[in-house]
Novice: 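This is the structure I have questions about; it appears just below.
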Protein chains: 2
Amino acid sequence: MRDNIPENAAVRLSLYLRHLRKMKKDKVISSEELAEFIRTSGARVRKDLSFFGQFGTTGKGYVVGELEDTISKILGLDQVWTVALVGAGKLGMALLEYSGFKESGFHIRIAFDVDQSKIGEKLVGVPVYHPYQMPKEIRQQEINMGLIAVPAEAAQESADLLIISGIRAILNFASATLIVPSYVKLMQVDLTSQLEIMAYFLSHTREEKILTKRPKWR
Amino acid sequence: MRDNIPENAAVRLSLYLRHLRKMKKDKVISSEELAEFIRTSGARVRKDLSFFGQFGTTGKGYVVGELEDTISKILGLDQVWTVALVGAGKLGMALLEYSGFKESGFHIRIAFDVDQSKIGEKLVGVPVYHPYQMPKEIRQQEINMGLIAVPAEAAQESADLLIISGIRAILNFASATLIVPSYVKLMQVDLTSQLEIMAYFLSHTREEKILTKRPKWR
DNA sequence: GAGTGTGAATGTATTCACAGCA
DNA sequence: TGCTGTGAATACATTCACACTC
């Protein structure tokens with residue numbers, strides 16, 4: 001247990017969890033079954049879990065409810081995480097209105113924007129401040145994470161402010177490559193980049209590949 | 001050149017491109033400089049490019065404008081890509097309104113929704129159809145890619161319809177693990193999952209790590 | 001001299017395969 | 001018998017290091 005955990009074990013754990021949540025809590029599931037859903041191997045599932053302990057019953061599998069709790073704890077989801085939104089434009093508003101966050105224990109508590117007409121108001125129940133108030137407000141309200149939804153030009157500045165304010169995890173929606181210290185976890189959601197990758201795939205996939213590699217599908 | 005291309009070379013190429021676009025076209029840049037921006041090594045940049053040919057000048061580096069064109073071609077961005085949106089709710093609308101797509105050569109040409117009040121209308125200039133018209137319309141209008149922005153329960157169904165309609169690249173925003181044939185490129189944008197990964201990071205990063213691994217920062 | 005292009009060396013992730021247990 | 005947990009084997013990705021060119 002726990003020699004060295006693969007970089008993206010957390011990614012997979014999150015996916016396992018998503019699947020487990022949809023299942024009956026008292027069902028028993030094998031690593032192979034769970035793996036199939038996430039498009040990986042049973043061995044990978046077992047190894048991912050083995051880094052953190054032994055949760056299965058030999059010869060049986062894993063009890064769904066137990067495993068769900070275990071993974072939740074591993075991911076740190078046994079607490080509420082507080083989130084700050086930087087940028088309350090169209091995208092920012094969509095994020096504020098997205099209910100999925102709260103359901104999963106992520107609460108957007110505060111927003112920042114330079115638009116004077118928004119400052120002092122509440123948007124979807126969330127108070128809006130000017131960015132210069134970030135260090136003070138984020139510390140006071142003990143915010144854990146930041147979402148950046150500003151234009152690309154302002155993204156680095158926003159990140160710098162968040163980091164100065166003590167934030168150690170940032171989800172960036174701006175189409176900009178941010179530079180952050182390595183003790184900050186930066187994740188990127190860049191739609192244009194994703195489409196470009198799909199374009200690459202479409203451009204480079206030849207018919208032969210499609211025909212020869214056709215797999216079992218559902 | 002071109003023995004076997006790493007899975008995520010396309011991801012990095014897209015990032016290189018983003019940086020090059022911001023630079024003077026006649027500047028010459030070394031692999032090391034380009035790498036620094038993207039947080040990788042010069043060797044990795046050179047290797048990524050070497051899969052596709054030789055584009056640099058020994059002893060000098062790469063001409064920004066030329067490299068930009070080259071990478072654009074590699075990614076298949078020398079054409080317009082047509083996109084279908086499935087689900088015209090809040091998120092769908094935000095996607096329709098997002099101007100970044102068109103700037104990069106991705107045009108949302110058609111949308112699908114089950115909401116009768118939207119069908120037959122145009123949203124942000126894009127006509128809305130009922131999903132049952134997908135196979136016909138997508139073929140007729142020669143759409144290349146699909147965006148799924150429906151509730152999780154309807155996501156698999158939407159994917160199936162897109163695939164039946166001939167779509168080979170799907171960007172899924174629903175919080176659902178979709179099953180698609182391997183000849184379809186599926187990319188996932190799952191905000192909840194991203195936040196969970198950040199929670200994991202925050203839960204498992206100990207102070208010692210922060211202190212010992214402190215790096216150069218800007 | 002400076003920096004590309006690339007085989008060889010290293011490091012990391014995934015898969016294999018099986019001992020051991022319910 | 002069926003499936004976990006895990007070392008060993010394999011595959012894959014990254015980095016190193018240097019011959020070669022402008």
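Just so we're on the same page: letters track the sequence lines, and every chain starts at 1.
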Novice: Check whether any side-chain N or O of R46(B) sits under 4.0 Å from OP1 or OP2 of dG5(C), and answer yes or no.
Specialist: no
Novice: Taking only N and O in the side chain of S31(B), is any of them less than 4.0 Å away from OP1 or OP2 of dT4(C)?
Specialist: yes
Novice: Let me know, please, whether K60(A) or K47(A) comes out on the 5' side of the other along DNA chain C by nearest nucleotide.
Specialist: K47(A)
Novice: Salt-bridged, R21(A) to E196(B), with N to O below 4.0 Å?
Specialist: yes
Novice: OP1 or OP2 of dT14(D) less than 4.0 angstrom from a side-chain nitrogen or oxygen of R12(B), does that happen here?
Specialist: yes
Novice: Starting from C1' on dT6(C), measure out to CZ on F55(B) and report it in whole angstrom.
Specialist: 15 Å
Novice: Could E68(B) and R18(B) be called an ion pair, given the rule that one side-chain N must be under 4.0 Å from one carboxylate O?
Specialist: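 Answer for the salt bridge query: no.
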Novice: Does dT6(C) have OP1 or OP2 under 4.0 Å away from a side-chain N or O of Q54(B)?
Specialist: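 For dT6(C), OP1 or OP2 has a side-chain N or O of Q54(B) closer than 4.0 Å.
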Novice: Which nucleotide wins on minimum distance to the side chain of T40(A), given the candidates dA13(C), dT15(C), dA13(D)?
Specialist: dT15(C)
Novice: Answer yes when D78(B) and K73(B) have at least one side-chain N-carboxylate O distance shorter than 4.0 Å, and no when they do not.
Specialist: no
Novice: From the list dA13(C), dT4(C), dT4(D), which nucleotide is the closest neighbour of the side chain of Y62(A)?
Specialist: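 Closest nucleotide to the Y62(A) side chain: dT4(D).
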Novice: Taking the side chain from W81(A) and the backbone from I143(A), do they hold a donor-acceptor pair closer than 3.5 Å?
Specialist: no
Novice: Establish, with yes or no, whether the OP1 or OP2 oxygen of dC20(D) is under 4.0 angstrom from a side-chain nitrogen or oxygen of T58(B).
Specialist: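 For T58(B), the contact criterion (side-chain N or O under 4.0 Å from OP1 or OP2 of dC20(D)) is not met.
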Novice: Among the candidates dC3(D), dT15(D), dC16(C), find the nucleotide nearest to the side-chain atoms of A43(A).
Specialist: dC16(C)
